[in-house]
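Okay, structure first, notes after.
Quick caveat: nothing in here was measured; it's all calculated off a predicted structure. Naming: A, B, ... by sequence-line order, numbering from 1 per chain.
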Amino acid sequence: GQQVQQSPASLVLQEGENAELQCNFSSTATQLQWFYQSPGGSLVSLLSNPSGTKHTGRLTSTTVTKERRSSLHISSSQTTDSGTYLCAPFNVGDNSKLIWGLGTSLVVNP
Amino acid sequence: EAAVTQSPRNKVTVTGGNVTLSCRQTNSHNYMYWYRQDTGHGLRLIHYSYGAGNLQIGDVPDGYKATRTTQEDFFLLLELASPSQTSLYFCASSGTGVEQYFGPGTRLTVL
């Protein structure tokens, strides 16, 4: 079945630096979702990007479907960006389930 | 704004006890999910549902039952709880299966 690898496992930045998070998956995905989990545990969807490049605020996601990879770029990081970023590809052939990576833990220091 | 609520937020029980975790969504979504999250394993799908009365088995269903009584309500039942079920449990709803809205989580400890 689908497997998801996220890298790096953890990242420490100074405020204002940029972050580049990677997600590689083993099988075809018709959709790909990026989520953010706060240090307190709450989970929210950031954006959905099945292919190409999408922007929302300081976030840019680029997904290359044929190469089964996606990236999430965070520009001008802020301390409030600290948390875990999760990648989850989706394929209707997988019984409508998201397949989850272990995430990248980001710490942004002031 | 999408809303998914879970209760209780924290629960402590003993080995062999019965536990029911509740989830309610007010999004009019068809899909609802129960996940558990453990360090080193990430989010793992326990059970999910396409609508009232429907139940689908997830990836780690052993020791869990679920019931979807209405469009809004999805319950997770642990009969004879074991310490291995100590975890953080999340409920989520979705209109499409892709963009999922999560509840705040329930931290369960089985002593």
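Linking Ile, Leu, Val, Met, Phe, Trp and Tyr residues whenever their side-chain heavy atoms come within less than 4.5 Å leaves B:Tyr89 and B:Tyr33 in two separate clusters. A:Leu32 is connected to A:Leu72 through a chain of hydrophobic side-chain contacts under 4.5 Å among Ile, Leu, Val, Met, Phe, Trp and Tyr, so both are in one cluster. A continuous path of hydrophobic side-chain contacts links A:Leu11 to A:Tyr36 [ILVMFWY only; heavy atoms under 4.5 Å]. B:Leu88 and B:Tyr64 fall into different hydrophobic clusters, where Ile, Leu, Val, Met, Phe, Trp and Tyr residues are linked whenever their side-chain heavy atoms come under 4.5 Å apart, directly or through other members.
Around atom CD of A:Glu17, more than 12 heavy atoms belonging to other residues, nucleotides or ligands sit under 6.0 Å away. Residue A:Arg58 qualifies as enclosed at atom CZ: its count of foreign heavy atoms under 6.0 Å is above 12. The neighbour count for A:Gln78 CD, taken as heavy atoms of other residues, nucleotides or ligands under 6.0 Å away, is above 12.
In terms of heavy-atom proximity, A:Leu102 sits nearest to B:Gly40 at CD2-O, 3.8 Å. For the pair B:Val98 and A:Phe35, the tightest heavy-atom approach, listed with the atom from each and the gap, is O-CZ, 4.2 Å. Of all heavy-atom pairs spanning A:Phe90 and B:Thr96, the tightest one is CZ-O, 4.2 Å.
Using modelled atom types, one finds no donor on one side chain facing an acceptor on the other under 3.5 Å when comparing A:Gln31 with B:Glu99.
In this structure, the portion of B:Leu45 lying under 4.5 Å from any heavy atom of chain A is its side chain and not its backbone. For A:Leu47, no part lies near chain B; criterion is any non-hydrogen pair under 4.5 Å.
Within the 4.5 Å cutoff, the side chain of B:Phe90 has heavy atoms near those of the A:Leu43 side chain. Two residues are said to be in side-chain contact when any heavy atoms from C-beta on lie closer than 4.5 Å; A:Lys97 and B:Gln56 fail this criterion.
Note on B:Gln37, B:Arg107, B:Arg44: by heavy-atom pairs under 4.5 Å with chain A, the leading option is B:Gln37.
The structure places CZ of B:Phe102 at 11.0 Å from OG of A:Ser42, a figure rounded to the nearest 0.5 Å.
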